[in-house]
K.L.:
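One structure is given below, represented as structure tokens, and several questions about it will come after.
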2 protein chains.
Amino acid sequence: MSPDEARRRPPTAQQFVLGELRRAITTGRLRPGTPIRQDALAEELQVSRVPLREALKTLEGEGLVTYKPHKGYCVVMLSLDDLREVYRIRELLEEEAVRAAVARLTDDDLGRIEAAQEEVERAAAAGDVAAMATANRAFHMTLFDCAGRPRLARLIRTLWDTTDAYRSMYYGDAGNRERVIEEHRAALDALRRRSADDAVTTLNVHRDHAVAELEPLLDA
Amino acid sequence: MSPDEARRRPPTAQQFVLGELRRAITTGRLRPGTPIRQDALAEELQVSRVPLREALKTLEGEGLVTYKPHKGYCVVMLSLDDLREVYRIRELLEEEAVRAAVARLTDDDLGRIEAAQEEVERAAAAGDVAAMATANRAFHMTLFDCAGRPRLARLIRTLWDTTDAYRSMYYGDAGNRERVIEEHRAALDALRRRSADDAVTTLNVHRDHAVAELEPLLDA
DNA sequence: ATTTTCAATATTGGATCCAAAATATGGAGA
DNA sequence: TCTCCATATTTTGGATCCAATATTGAAAAT
């Protein structure tokens, strides 16, 4: 392992494993529905089963894996209904977050959101799908964090985590990337005008587009 | 351990510990803010630290304890803001659940909710606070489960878990117990009429009463 | 007296080993 | 051939041990 990797590597094995598992699920290396063989996975990640199991417990709490006593963990298979349910819950919670955020949005906050958007556009221009997914998330979460409601923001984060595995596919399409940028700009415009209604509407459209694109992917 | 206890005891140590920890936090035996000494707790519960740590990971996911690498776990101290935030989120999600539930409520469903209510009243009459808390929870969750939205119901459950520690205090007061029963009856009436609006309104009032009673308790 | 450093101690993180449960295998009986 | 049951193997659950990190306390220097 290079010094650079060592610096990046989290301070505990369970956090390292957690990140690796997220990535594996996100990128589809661990496909939905597959049972998780702890022994094999632990060996592959060069850790013992203890930190692996703690990471799995965390993922269970986030709804990314299921667990049955004495049967083990299993990557969650998101059904179409699940997807719609998650997005509907997101709609409810994110509207709440956006309204609270707009009510107390400072110019400084706005600047950070704009910076995130610049990063999104830079990644899109470079065609870097992974970077774009990260930047997109930062864009939204920065806004949600402005609501000053840590528990609400935490909930929304876990909901995003749940569908991360599928969202990355969304950015594979150039048309989607272009549309995301346009919709973000519209949202930013609403935020600058401190119009909560417009921001909510814009972001709802944004979200609906995403779920509409994702739905076909789940049939396969 | 008696045979009866043995039958009740969960199939894995981590589930047993999970239940014990919840109770300990709920009853205030583990007070908010106290760091959790794994060694001592494990010994007290007669298990090793491994299942204890996995249970703690679950509780962390539910927001009942916090975790810092190399520092350990800590029972969360719910601030007044936290309480309000949790109840506001519950309001949003439970309205959604109730509307979905009413839309598909069968007579059979209604019967189960009524049965839960009978149990609530029975426990209240007996002055059994713990049983009343359990029955009350069953009353609401039975309704939420009727929504046919498993993820939504799961989320609501974890939100309830978060404030369980404080809710039990609520039932210590006889006036509160009486009011809960009245409000449940009003909600049942709305459900029988299949009036989603009335059910939502009634339950919002119900919830607001609870939070109003709980708020003073959090100053101390 | 205050601050800093360093060692001693306590506590968490992780690896290995063993036990318990579930699953797979294979043979006996109908 | 099919079913059922006993056994072997795999896999998960948990206990113990060791390592790494954090905390505490005391001594030394300013």
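Lettering follows sequence order; numbering is per chain, from 1.
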K.L.:
Pair up each side-chain donor or acceptor in residues 98-105 of chain B with any protein partner under 3.5 Å, not counting sequence neighbours, and list the distances.
P.N.:
unit_1	atom_1	unit_2	atom_2	d
R99(B)	NE	E95(B)	OE2	3.0
R99(B)	NH1	D197(B)	OD1	2.8
R99(B)	NH2	E95(B)	OE2	3.3
R99(B)	NH2	D197(B)	OD1	3.0
R104(B)	NH1	C146(B)	O	3.0

K.L.:
Would the number of heavy atoms belonging to other residues, nucleotides or ligands and lying under 6.0 Å from CZ of R157(A) be above 12?
P.N.:
yes
K.L.:
Would you give the length of the straight line joining atom CD of E60(B) to atom NZ of K57(A), rounded to the nearest 0.5 angstrom?
P.N.:
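One finds 13.0 Å between CD of E60(B) and NZ of K57(A).
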K.L.:
Under 3.5 Å, side-chain donor or acceptor atoms of residues 31-39 of chain A against the rest of the protein: list the pairs with distances, not counting sequence neighbours.
P.N.:
unit_1	atom_1	unit_2	atom_2	d
T34(A)	OG1	R31(A)	O	2.4
Q38(A)	OE1	R49(A)	NE	3.1
Q38(A)	OE1	R49(A)	NH2	3.2

K.L.:
Check every strand shown and say whether Y67(A) touches a base, only sugar-phosphate, or nothing at a heavy-atom separation below 4.0 Å.
P.N.:
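The answer is sugar-phosphate, as Y67(A) gets under 4.0 Å only of primed atoms, P, OP1 or OP2.
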K.L.:
To the nearest 0.5 Å, how far apart are CZ in R151(A) and CG in L83(B)?
P.N.:
9.5 Å
K.L.:
Can you tell me how far apart CG (L159(B)) and CZ (R88(B)) are? Round to the nearest 0.5 Å.
P.N.:
13.0 Å
K.L.:
Should the pair H140(A) and H206(A) be assigned to parallel (<30°), tilted (30 to 60°) or perpendicular (>60°) ring geometry?
P.N.:
parallel
K.L.:
Of all nucleotides in DNA chain D that come within under 4.0 Å of a heavy atom of chain B, which is furthest toward the 5' end and which toward the 3' end?
P.N.:
dG13(D) to dT23(D)
K.L.:
Hey, does F16(A) reach any base, or is it just sugar-phosphate, or nothing, if we go heavy atoms under 4.0 Å?
P.N.:
nothing
K.L.:
Just how large is the angle between the end axes of the helix from dA1(C)-dT30(D) to dA30(C)-dT1(D), five pairs per end, to 10 degrees?
P.N.:
10°
K.L.:
Would you say CD of E215(A) has more than 12 non-hydrogen atoms from neighbouring residues, nucleotides or ligands within 6.0 angstrom?
P.N.:
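Yes.
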K.L.:
Working note: D109(A) + T106(A), criterion side-chain hydrogen bond (donor to acceptor under 3.5 Å, both in side chains); need CA distance, chi angles, decisive distance, verdict.
P.N.:
CA-CA 5 Å; D109(A) 292 333; T106(A) 67; 3.1 Å; yes
K.L.:
Can we say D161(A) and R137(A) salt-bridge, meaning some charged N sits less than 4.0 Å from an Asp/Glu carboxylate O?
P.N.:
yes
K.L.:
Counting only heavy atoms and a strict 4.0 angstrom limit, can you tell me which residues of residues 48-61 of chain B come near DNA chain D?
P.N.:
S48(B), V50(B), P51(B)
K.L.:
Which value, rounded to the nearest 0.5 Å, describes the distance between L152(B) atom CG and I156(B) atom CD1?
P.N.:
4.0 Å
K.L.:
In terms of the nearest nucleotide of DNA chain C, which residue is placed more toward the 5' end: Q15(A) or H70(A)?
P.N.:
Q15(A)
K.L.:
Taking only Lys NZ, Arg NE, NH1 and NH2, and the carboxylate oxygens of Asp or Glu, determine whether E119(B) and R122(B) approach each other closer than 4.0 Å.
P.N.:
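The answer is yes: the pair qualifies as a salt bridge.
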K.L.:
To the nearest angstrom, how far is L18(A) atom CG from dG13(C) atom C1'?
P.N.:
15 Å
K.L.:
For Y87(B), is the NZ or CZ atom of R90(B) found under 6.0 angstrom from the centre of its six-membered ring and inside 45 degrees of the ring axis?
P.N.:
yes
K.L.:
Give, ordered by number, those residues of residues 33-44 of chain A having at least one heavy-atom distance below 4.0 Å to an atom of DNA chain C; if nothing qualifies, reply none.
P.N.:
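Within this stretch, nothing sits under 4.0 Å of the strand.
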K.L.:
Could you pick out which residue, T12(A) or P11(B), lies toward the 5' side of DNA chain C when each is mapped onto its nearest nucleotide?
P.N.:
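The residue whose closest nucleotide sits nearer the 5' end is T12(A).
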